[in-house]
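Reminder, nothing fancy here: chain letters follow the sequence lines and each chain counts from 1. Just so you know, these numbers come straight off a predicted model, no measurement behind them.
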Amino acid sequence: RKEVEQDPGPFNVPEGATVAFNCTYSNSASQSFFWYRQDCRKEPKLLMSVYSSGNEDGRFTAQLNRASQYISLLIRDSKLSDSATYLCVVPRMGSGNTGKLIFGQGTTLQVKP
Amino acid sequence: EAQVTQNPRYLITVTGKKLTVTCSQNMNHEYMSWYRQDPGLGLRQIYYSMNVEVTDKGDVPEGYKVSRKEKRNFPLILESPSPNQTSLYFCASSPKYGGPYGYTFGSGTRLTVV
């Protein structure tokens, strides 16, 4: 099992739709989690951080479920400009692991007119 | 402007010719790290540094070296590049590892080894 798993998609949705992505992680010692957006081999850019139960920023909501070890990203009212790859990022913690950042494979979102 | 600067952006080199990719941040961040991104494999960590003079291996360190002599700079050194090191490389930094702070990435370096 991979340490961080995401459904690669692609998710094809119409403009205005609501779409949700999940990311499961295996390192139970991890405390903070991140969603990044990456456009076509450009640098990843921070979308949201999730440190407690969840976080909301405009159309974007991130949730953390520590018991089931997954985080989710919800995008409401999708825009064409939301088309990108969304990366789940989990900092490893614990003996021998602290410092090692793990990325999911990414979920591709394509928003259609 | 707060940023992570990588140079060069593009590089084509020959097998065995030593090269250095520079990474510099102007945010006084403690944590810095290097990644490579390959199709189908995602982003994988090469090396990281928790602070000045403290570096450690990531998941794919073979063939690479790093140093952290000063807080702002974290160069990636390929002593004898090989074609399997052809990849897209990213440097990133963060105020501190493991907290609620995000990681800021440089614009990337596309390296081709022929």
How far apart are the closest heavy atoms of [X] and [Y], and which atoms are they?
{"X": "B:M50", "Y": "A:T98", "value": "CE-CG2, 3.7 Å"}
{"X": "B:Y97", "Y": "A:R92", "value": "OH-O, 2.6 Å"}
{"X": "B:F90", "Y": "A:K42", "value": "CZ-O, 3.5 Å"}

Ring center gap for A:Y36 and B:Y103 short of 6.0 angstrom:
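Between A:Y36 and B:Y103, the centre distance exceeds or equals 6.0 Å.
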Treating Ile, Leu, Val, Met, Phe, Trp and Tyr as nodes and any side-chain heavy-atom pair under 4.5 angstrom as an edge, say whether [X] and [Y] lie in one connected cluster.
{"X": "B:V21", "Y": "B:V113", "result": "yes"}
{"X": "A:L101", "Y": "A:L47", "result": "no"}
{"X": "A:F34", "Y": "A:L64", "result": "no"}
{"X": "A:V50", "Y": "A:L74", "result": "no"}
{"X": "B:L88", "Y": "B:L78", "result": "no"}

Under the criterion side-chain contact (heavy atoms from CB on, under 4.5 Å), I'd like the reasoning laid out for B:D59 against A:I102: C-alpha separation, chi angles, the key distance, then a yes or no.
CA-CA 9 Å; B:D59 291 320; A:I102 304 299; 3.6 Å; yes
Select, from B:G42, B:G98, B:P100, the one with the greatest count of heavy-atom pairs under 4.5 Å involving chain A.
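Heavy-atom pairs under 4.5 Å are most numerous for B:P100.
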Among B:G108, B:S33, B:G102, single out the residue with the greatest number of heavy-atom pairs under 4.5 Å to chain A.
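Top count of heavy-atom pairs under 4.5 Å with chain A: B:G102.
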If we define contacts as heavy-atom pairs under 4.5 Å, which of A:P91, A:P44, A:S49 has the most with chain B?
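Most heavy-atom pairs within the cutoff with chain B belong to A:P44.
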Against chain A, label B:R44 side chain, backbone, both or neither, depending on which of its atoms sit under 4.5 Å from a heavy atom there.
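Nothing of B:R44, per the 4.5 Å heavy-atom cut-off to chain A.
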Quick one: does any side-chain atom of A:Y51 pair with a main-chain N or O of B:G99 as donor and acceptor, under 3.5 Å?
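Pair absent, no side-chain N/O of A:Y51 close to backbone of B:G99.
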Begin with the C-alpha distance, continue with both residues' side-chain angles, and end with the deciding distance and a verdict on side-chain contact (heavy atoms from CB on, under 4.5 Å) for A:L46 and B:F105.
CA-CA 9 Å; A:L46 180 65; B:F105 284 80; over 6 Å; no
Just by distance, with hydrogens left out, do B:Q37 and A:Q38 show a side-chain donor and acceptor under 3.5 Å apart?
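On atom types as modelled, these side chains qualify, holding a pair under 3.5 Å.
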Do A:L87 and B:L43 pass the side-chain contact (heavy atoms from CB on, under 4.5 Å) test, and can you show the C-alpha distance, the side-chain angles, and the key distance before you say yes or no?
CA-CA 9 Å; A:L87 302 170; B:L43 278 140; 3.7 Å; yes
Answer yes or no: does atom [atom1] of [X] have more than 12 heavy-atom neighbours from other residues, nucleotides or ligands under 6.0 Å?
{"X": "B:K71", "atom1": "NZ", "answer": "yes"}
{"X": "A:L80", "atom1": "CG", "answer": "yes"}
{"X": "B:Y64", "atom1": "OH", "answer": "yes"}

Side chain proximity check, A:R41 to B:P39, heavy atoms < 4.5 angstrom:
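Answer yes - side chains close enough.
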